[in-house]
Amino acid sequence: MDIKDFNEALYASSNGVVVERRKSIIIPILILLAGVALLVANYFIENGNDANNLKSALVLTGGSLAIIGIVWCGVRIFGGGAPYHTADKCFLIREQYSFDRAQQDTIIKAIESCDKTAIDNLEESDIAGLSVLCYHSPRSKYCAMQAFAYEEFVYKAITELKVKN
């Protein structure tokens with residue numbers, strides 16, 4: 001199963017309702033700035049026996065936050081986008097389910113009717129003979145799903161991409 005193929009099919013079938021968009025970079029920048037602020041605060045604390053533990057804690061926490069902020073900024077700037085629902089003005093939530101092959105008929109019926117609650121109510125399996133990939137909007141009833149079967153070391157689609165608005 002190639003997630004890129006699923007996302008491309010989702011974008012193509014939605015007629016502009018679902019587009020690829022990068023998430024905001026504001027929170028990673030705030031984390032980076034908090035780390036830098038702690039490192040700067042460390043500079044202004046005078047050396048002494050009482051302050052060594054505080055200075056060490058500031059350097060560790062500030063350095064960790066700064067590194068996390070830098071990496072997170074890089075991921076947000078250079079990483080791929082996520083499905084965004086333009087009418088709801090929100091990112092879609094991705095869920096992936098794993099099922100046993102004995103449930104194939106039930107899964108196919110649920111996907112043909114695009115019934116997410118039926119998929120949610122099925123018992124999942126530790127062995128992913130069948131996998132269902134679902135994107136849904138937290139603000140509306142928009143749902144897109146497709147089932148895949150594990151064959152010959154890859155996931156192959158066993159249903160078409162179904163979308164419910």
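On a predicted model such as this, the values are computed, not experimentally measured, just so you know.
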* Asked: Taking 4.0 angstrom as the limit, do Asp105 and Lys109 come out as a salt bridge?
  -> no
* Asked: What class does the angle between the rings of Tyr97 and Phe99 fall in, given that below 30° is parallel, 30 to 60° is tilted and above 60° is perpendicular?
  ->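 Parallel: the ring planes of Tyr97 and Phe99 meet at under 30°.
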Could you give the distance from [atom1] ([X]) to [atom2] ([Y]), rounded to the nearest 0.5 Å?
X      : Y      : atom1 : atom2 : answer
Leu92  : Ser137 : CG    : OG    : 6.0 Å
Ser125 : Arg101 : OG    : CZ    : 11.0 Å
Ile107 : Ile158 : CD1   : CD1   : 7.0 Å
Cys73  : Leu32  : SG    : CG    : 5.5 Å
Met145 : His136 : CE    : NE2   : 9.0 Å
Ile31  : Ile67  : CD1   : CD1   : 13.5 Å

So [Y] and [X], do their side chains get closer than 4.5 Å, heavy atoms only?
X     : Y      : answer
Thr86 : Val18  : no
Glu20 : Tyr11  : yes
Leu38 : Asn42  : no
Ser98 : Asp126 : no
Leu39 : Leu58  : no

* Pairs flagged by side chain to side chain donor-acceptor pair (under 3.5 Å) wherever residues 57-67 is involved - sequence neighbours left out -> none
Does [X] belong to the same Ile/Leu/Val/Met/Phe/Trp/Tyr cluster as [Y], with side-chain heavy atoms less than 4.5 Å apart forming each link?
X      : Y      : answer
Ile111 : Leu122 : yes
Leu130 : Val132 : yes
Leu133 : Tyr150 : yes
Leu161 : Tyr84  : no
Phe153 : Phe148 : yes

* Aromatic centroids of Tyr135 and Phe6 separated by under 6.0 Å -> yes
Is [X] reaching over with its side chain to a backbone N or O of [Y], donor-acceptor style, under 3.5 angstrom?
X      : Y      : result
Thr159 : Ile108 : no
Arg22  : Gly80  : no
Lys55  : Ile45  : yes

* Do you see a donor-acceptor pair shorter than 3.5 Å between the side chains of Arg94 and Gln96? ->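 Indeed, the side chains of Arg94 and Gln96 share at least one donor-acceptor pair under 3.5 Å.
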* To do: Ignoring hydrogens and angles, state whether a donor on the side chain of Thr117 or Asp115 is under 3.5 Å from an acceptor on the partner side chain.
  =>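 Looking only at side-chain atoms, Asp115 and Thr117 do form a donor-acceptor pair, the distance falling under 3.5 Å.
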* Nearest non-hydrogen partners of Ala157 and Gln146, listed with the distance ->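 So the two residues come closest at CB-NE2, 3.3 Å.
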Counting only heavy atoms not in [X], do more than 12 sit closer than 6.0 Å to its [atom1] atom?
X      : atom1 : answer
Glu160 : CD    : no
Ile26  : CD1   : no
Glu151 : CD    : yes
Ile93  : CD1   : yes

* Could you please spell out the steps behind the side-chain contact (heavy atoms from CB on, under 4.5 Å) verdict for Trp72 and Ile27? => CA-CA 9 Å; Trp72 204 358; Ile27 292 176; 3.9 Å; yes
* **Evaluation steps, side-chain contact (heavy atoms from CB on, under 4.5 Å), between Glu112 and Lys162** => CA-CA 7 Å; Glu112 291 298 324; Lys162 294 293 181 181; 3.3 Å; yes
* Might you work through the side-chain contact (heavy atoms from CB on, under 4.5 Å) test for Val163 and Ser13, ending with a clear yes or no? => CA-CA 8 Å; Val163 177; Ser13 68; 4.1 Å; yes
* To do: Give the C-alpha distance, both sets of side-chain angles, the deciding distance and a yes or no for side-chain contact (heavy atoms from CB on, under 4.5 Å) between Asp100 and Ile127.
  => CA-CA 7 Å; Asp100 189 60; Ile127 301 169; 5.7 Å; no
* Cation-pi check, Lys23 to Phe91: give yes when NZ or CZ is under 6.0 Å from the six-membered ring centre and within 45° of the ring axis, no otherwise. => yes
